[in-house]
Amino acid sequence: MRYNSAMIVTRFAPSPTGHLHLGHAYSALLACQRARQQGGHFLLRLEDIDNTRCRPEYIDDLLEDLQWLGIDWDGPVLKQSGRMQAYQAALDALRGMGLLYPCFCTRRDILAEVGASGSAPQGIDGPVYPGICRGLSSAEAEHRISSGVPYAWRLDMTAAMEQSGTLGWTDELGGPQVCNAEQAGDVVLGRKDIGTSYHLAVTVDDTFQNVSLVIRGQDLFQATHIHRLLQALLGLPTPVYHHHHLLTDSQGRRLAKRDRSATLRNMRQSGLSASDVRRMAGLDE
Ligand code: GLU
């Protein structure tokens with residue numbers, strides 16, 4: 001779906017891995033309000049590529065919870081599970097540029113290597129990959145692939161950063177940022193189990209949906225550096241970002257889907273109204 005590029009387009013992109021909580025409500029309301037205030041569009045995208053964690057029943061509940069909250073989205077809901085070809089094409093393009101390599105490591109291999117080296121810089125998805133498979137000869141990699149060893153596709157971060165040069169992006173709250181994706185190391189872009197990854201899918205889809213302002217939680221701030229790099233490599237436009245604060249419980253802990261009391265479902269069942277929830281999230285009323 002394409003909208004006029006002069007118009008603000010925001011989105012809410014939940015993963016159906018559990019019930020929505022107050023933190024999701026805040027994010028969705030912020031994105032929806034912003035589009036409505038500026039006469040733009042607000043889109044809904046279901047990030048359901050991880051079939052090990054997503055459950056179809058959560059999708060129905062999630063749509064119902066959003067409707068109950070009074071959130072109305074424009075156009076059809078985009079499901080990432082139906083977009084695998086687009087992610088594959090992006091992966092092929094990066095591979096064609098010589099920026100990906102197959103990685104055969106298991107989690108255990110990585111932890112053993114990281115443990116042996118003594119120091120383990122942390123990336124956004126855990127310890128930075130120590131580069132075990134980066135130097136494999138193509139003959140060895142092909143041999144392992146043809147013998148059926150499962151593999152992921154990793155980005156050769158040093159080569160990618162060299163190719164892209166210095167990049168910037170803007171956070172509405174934090175101001176101008178210099179892309180520091182190198183801190184994440186050689187991230188996985190095509191997972192062994194699902195063939196794609198959050199970073200690749202979100203970057204491809206924000207362009208596909210013509211999103212001009214990405215509103216999401218502060219926990220994804222570091223991920224945006226990777227997304228900015230992927231945009232540069234794939235020749236995609238860069239939206240403006242707005243990473244909002246994360247809501248916490250009374251003990252100051254981040255809300256999570258496992259905290260049943262903070263789910264919208266639970267709040268509704270305990271008699272709260274949609275306006276109560278909007279007020280608890282700190283928005284209007
Ligand atoms: N699907 C992600 C989540 O539920 C959000 C992704 C994004 O907003 O970019 O945490």
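Atoms within each ligand, like the ligands themselves, are counted from 1 in listed order.
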For L100, which of L91, D186, D156 qualifies under side chain to side chain contact (heavy atoms under 4.5 Å, CB included)? L91
Salt bridge or not between R83 and D48? Use side-chain N to carboxylate O under 4.0 Å. no
With heavy-atom distances below 4.0 Å as the criterion, list the atoms of ligand 1 near V202. 9 (O)
From E47, H227, R216 - option closest to atom 6 (C) of ligand 1 by heavy atom: E47
Pairing of D219 and R254 as salt bridge, 4.0 angstrom limit: yes
So is P14 polar-close to ligand 1, meaning N/O to N/O under 3.5 Å? no
Step by step, work out the ring-ring contact (aromatic ring centres under 6.0 Å, His included) result for Y198 and H227. CA-CA 10 Å; Y198 161 67; H227 305 168; 5.4 Å; yes
Near R11 (heavy-atom distance under 4.0 Å), the atoms of ligand 1 are 7 (C), 8 (O), 9 (O)
Would you please classify the geometry between the Y151 ring and the F104 ring as parallel, tilted or perpendicular, with 30° and 60° separating the classes? tilted
Give the atoms of ligand 1, by number and element, whose distance to some non-hydrogen atom of Y198 is under 4.0 Å. 6 (C), 7 (C), 9 (O)
Going by heavy-atom distance to atom 3 (C) of ligand 1, choose the closest among P16, S27, A223, S15. S15
